[in-house]
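Here the structure comes first, spelled out in structure tokens, and everything after it is commentary.
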Amino acid sequence: MKRAACLLSAVLLVSCTAATNNPGVPLKTAITPVNTSFDRANMDPSANACGDFYQYVNGGWLVKNPIPPQYTSWGMLSQLNEDNRALLHQLLETAANKPAAQRSPVEQKIGDFYASCMNESDINAAGLTPLQADLDRIAAIRTTQDLQQMITRFSTFGLGVPFNFGPTQDAKNSAETIADVSQSGLGLPNRDFYFRTDERSQKIREQYLEHIGKMFALAGIQGDPAAVMRLETALANASMTPVELRDPHAQYNRMPVAQLASLAPNFDWTTFLAAQHIDNLQSLNVSQPNFIKEVSRLITETPIADWQSYLRWQLLTSTAASLTTPIADENFRFRNTVLLGQKQQQERWQRCVARVNGTIGEALGQAYVEQRFPPEAKRRATELVDNLAVALRENINQLPWMNSSTKQNAVAKLDAFRRKIGYPDTWRDYSALQIAKGPLVSNVLSAAEFETRRNLAKIGKPVDLGEWFMTPSTINAYYNPPYNEIVFPAAILQWPMFDIHQDDAFNYGGIGSVIGHELTHGFDDEGSKYDVHGNLENWWTEEDRKNFEARAECIVQQFGTYEIEPGLAHNGKLVAGESIADLGGAIIAYKAWQKSLEGKPKPGIVDGFTPEQRFFLGYARVRAQNATIEAQRNRVLTDPHPMNKFRVNGPLSNMPQFAAAFQCKSGDPMVRQNACEIW
């Protein structure tokens with residue numbers, strides 16, 4: 001079930017940091033000083049602000065910043081990501097090389113994990129030895145009972161094949177953590193990749209089959225690629241679409257365990273649950289009942305040999321990036337080059353920083369906060385959040401299409417928003433995690449098993465409202481509907497989103513619109529279905545809900561017209577939530593900035609632009625990004641975020657404040673005749 005609505009999905013790799021710096025270890029990667037000034041050379045003087053504002057603000061930057069071959073996209077925030085990673089590199093090298101007696105427990109874990117990742121010769125020498133016991137178990141499968149034991153075994157280290165099992169909040173009792181079973185088990189990005197009939201999609205399926213065969217050959221594993229594809233296609237056919245997955249009501253199906261056993265009788269749920277060490281489980285949520293029914297059918301109707309090929313493949317592909325160089329390279333070729341258009345792999349140290357960061361990132365977060373997030377930054381960010389909340393509250397109370405009772409409920413929900421800024425109050429405890437300098441894949445599996453145990457231990461307990469689902473060095477933010485919270489990691493609260501050297505207009509357009517975006521997620525097409533306590537309960541009158549849905553449909557229709565290439569447009573229903581949040585975020589950030597000027601002298605022209613113009617320049621600048629056409633195609637099919645060009649031009653073309661700032665006229669492309677307006 002969906003936990004959070006993120007701002008910058010698919011833009012950057014997640015980044016995190018490490019432990020205490022050792023001055024005896026040289027910095028291996030220079031941290032580039034950041035130029036925070038607004039450079040007019042990044043603009044396109046030939047573009048018209050009222051025709052294509054994204055191009056007008058960012059056209060020069062886009063030309064000067066082509067995508068490096070190691071990336072699938074490159075944007076204004078990429079320099080911040082590189083700066084973060086350079087710091088992480090330094091910290092991890094320190095932890096890896098410090099004498100064992102001088103290392104803290106956290107330094108030992110992050111240092112040895114990083115060292116095992118960097119030791120390519122040991123990885124190659126180990127080959128598939130760390131996986132051999134599980135490969136032998138798969139080879140020994142003879143009965144459906146054996147098959148279920150293997151599926152259960154996979155679940156214990158977090159490999160959700162062919163379904164996921166883990167904790168979630170009860171959508172209608174947000175204080176309770178319950179068990180959840182949900183769809184999983186596909187090798188392509190989502191179910192639509194198995195059924196789209198265009199030429200490119202058919203070619204991808206052909207290349208996927210070839211890729212499976214190559215991987216089996218490189219690993220010395222016997223397996224039938226066609227059997228893998230048959231089984232995955234059957235699972236995909238029973239899976240919810242990306243748009244269907246945006247409906248939380250459709251995914252709330254809490255039932256007694258006995259009902260699950262009746263729904264999927266060919267799977268031994270009693271034995272499965274016992275293996276997860278969950279005692280006395282009476283009920284759980286089944287996010288996609290039709291999918292689980294199909295799994296039950298496939299358990300008995302699919303030949304054991306096909307299941308063996310499928311399980312070998314899932315084990316291999318899930319660990320491929322941590323295995324021998326030929327296997328990792330072939331995995332990269334298909335996953336990154338074929339699907340996303342990335343021309344070459346990043347250097348090994350870059351991949352290893354990302355690996356440690358993505359696996360045990362909160363262990364690294366403490367050092368990051370010490371280096372990059374002083375108390376003053378948290379104070380200023382808190383002030384901005386307060387100002388944006390005041391602006392949204394005023395907007396809600398002034399809405400002409402909403403009656404007083406719904407307004408009261410909306411304001412109560414807004415006032416109850418939990419705010420997390422910078423970093424957790426309590427850091428995650430990794431003391432039970434065992435990490436050594438042995439083969440990388442062993443550490444990867446150990447970390448996965450640790451995380452699985454940590455998560456399963458939540459079931460049946462009160463929800464931990466202090467838990468974070470992003471690390472402090474992640475350049476992103478999110479709204480979590482069941483928690484009714486907004487979360488801003490430390491990394492996003494710096495240049496270019498927030499720049500102490502720039503005026504308030506620029507900063508409100510940048511970080512202010514980010515804060516407004518996350519606030520608005522509480523009232524988008526999905527977040528609006530959760531109440532003040534984070535429960536999936538209706539707090540609207542019937543008339544107000546219809547009014548909201550009609551206004552949301554305006555956004556759906558608008559974004560459904562935006563094409564990345566002829567014949568391939570965004571799915572308006574998929575991107576509706578993020579686009580509602582983008583529009584709401586820009587509107588309330590502008591209002592909050594205007595309110596911040598009350599009682600003060602009006603700011604003057606800076607860099608040749610009025611304060612009003614600079615607000616919108618700040619909004620557009622941070623979203624500058626080049627992306628490969630393959631990454632764009634993948635994003636349109638999988639990501640609820642539109643491409644960045646449309647995240648700029650789409651919302652701003654609905655705002656009369658923008659038209660006034662740049663003196664745009666009716667009929668200009670940046671002035672929509674039937675403008676969308678919600679919050």
Requested in this report: Apply side chain to side chain contact (heavy atoms under 4.5 Å, CB included) to I475 and M497, showing your working.
Outcome: CA-CA 10 Å; I475 307 169; M497 283 294 182; 5.8 Å; no
Could you state the interatomic distance from [atom1] ([X]) to [atom2] ([Y]), rounded to the nearest 0.5 Å?
X: E526; Y: L536; atom1: CD; atom2: CG; value: 9.0 Å
X: L311; Y: R153; atom1: CG; atom2: CZ; value: 12.5 Å
X: Y619; Y: M655; atom1: OH; atom2: CE; value: 8.5 Å
X: L388; Y: I588; atom1: CG; atom2: CD1; value: 5.0 Å
X: T241; Y: L637; atom1: OG1; atom2: CG; value: 12.0 Å
X: N649; Y: R623; atom1: CG; atom2: CZ; value: 12.0 Å

So which atom in [X] and which in [Y] form the shortest heavy-atom distance, rounded to 0.1 Å?
X: L186; Y: S239; value: CD1-OG, 4.4 Å
X: R254; Y: N285; value: N-OD1, 3.2 Å
X: P472; Y: P489; value: O-CB, 3.6 Å
X: T628; Y: G341; value: CG2-O, 3.6 Å
X: P651; Y: L583; value: O-CD1, 3.6 Å
X: C554; Y: R672; value: SG-NH2, 4.4 Å

Any donor-acceptor pair under 3.5 Å linking the side-chain atoms of [Y] with those of [X]?
X: K458; Y: N455; result: yes
X: D544; Y: T406; result: yes
X: T302; Y: R297; result: no
X: S78; Y: N81; result: no
X: N237; Y: E294; result: no
X: T471; Y: T474; result: yes
X: S309; Y: D224; result: no
X: D582; Y: H517; result: yes

Hey, is [X] close enough to [Y] for a salt bridge, meaning N to O under 4.0 Å?
X: E549; Y: R545; value: yes
X: D531; Y: K413; value: no
X: E451; Y: R454; value: yes
X: E330; Y: R333; value: yes
X: D525; Y: K573; value: no
X: E677; Y: R551; value: no
X: E537; Y: K529; value: no
X: D170; Y: K172; value: no
X: K546; Y: E542; value: yes
X: E630; Y: R200; value: no

Keeping [X] on the side-chain end and [Y] on the backbone end, is there a donor-acceptor pair under 3.5 Å?
X: N547; Y: W401; value: yes
X: Q202; Y: T197; value: yes
X: R621; Y: N58; value: no
X: S318; Y: L315; value: yes
X: T177; Y: Q169; value: no
X: D180; Y: T168; value: no
X: N654; Y: G650; value: yes
X: T561; Y: Q558; value: yes
X: Q625; Y: M76; value: no
X: N626; Y: L62; value: yes

Kindly indicate whether the side chain of [X], heavy atoms from C-beta on, has any atom under 4.5 Å from the side chain of [Y].
X: T452; Y: E449; value: no
X: S287; Y: N253; value: no
X: L235; Y: Y194; value: no
X: E553; Y: Q557; value: yes
X: Q345; Y: N336; value: no
X: D524; Y: E578; value: no
X: W679; Y: M402; value: yes
X: P481; Y: P248; value: no

Query raised in the report: Can you name the one residue among Y530, Y478, F469 that meets ring pair (Phe, Tyr, Trp, His ring centres under 6.0 Å) with Y483?
Result: F469
Requested in this report: Over 60° means perpendicular and under 30° means parallel, so classify the ring planes of F267 and F163, tilted if in between.
Outcome: perpendicular
Report task. Evaluate the ring planes of F523 and F417, with Trp represented by its six-membered ring, and classify them as parallel (under 30°), tilted (30 to 60°) or perpendicular (over 60°). Result -> parallel
Requested in this report: Using the side chain to side chain contact (heavy atoms under 4.5 Å, CB included) rule, take E206 and L209 through it: C-alpha gap first, then chi angles, then the decisive distance, then the call.
Outcome: CA-CA 5 Å; E206 293 172 4; L209 272 172; 5.9 Å; no
Query raised in the report: If you draw a 6.0 Å radius around CG in N674, do more than 12 non-hydrogen atoms from other residues or ligands fall strictly inside?
Result: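 No, not enclosed.
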Report summary line: The ring-ring contact (aromatic ring centres under 6.0 Å, His included) partners of F154 (sequence neighbours excluded) come to F157
Query - Candidate pair Y208 and F193, rule ring pair (Phe, Tyr, Trp, His ring centres under 6.0 Å), full reasoning - result: CA-CA 11 Å; Y208 182 48; F193 278 75; 9.9 Å; no
Report task. Would you check, one step at a time, whether the test ring pair (Phe, Tyr, Trp, His ring centres under 6.0 Å) holds for F488 with Y479? Result -> CA-CA 9 Å; F488 301 97; Y479 170 72; over 10 Å; no
Query raised in the report: Do E485 and R419 pass the salt bridge (Lys or Arg N to Asp or Glu O under 4.0 Å) test, and can you show the C-alpha distance, the side-chain angles, and the key distance before you say yes or no?
Result: CA-CA 6 Å; E485 68 178 6; R419 303 170 184 183; over 6 Å; no
Query - Validation row, ring centre Y310 to ring centre W313 under 6.0 Å - result: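 Centroid separation for Y310 and W313: 6.0 Å or greater.
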Report task. Kindly say whether the aromatic ring centers of F646 and Y54 come within a distance under 6.0 Å. Result -> no
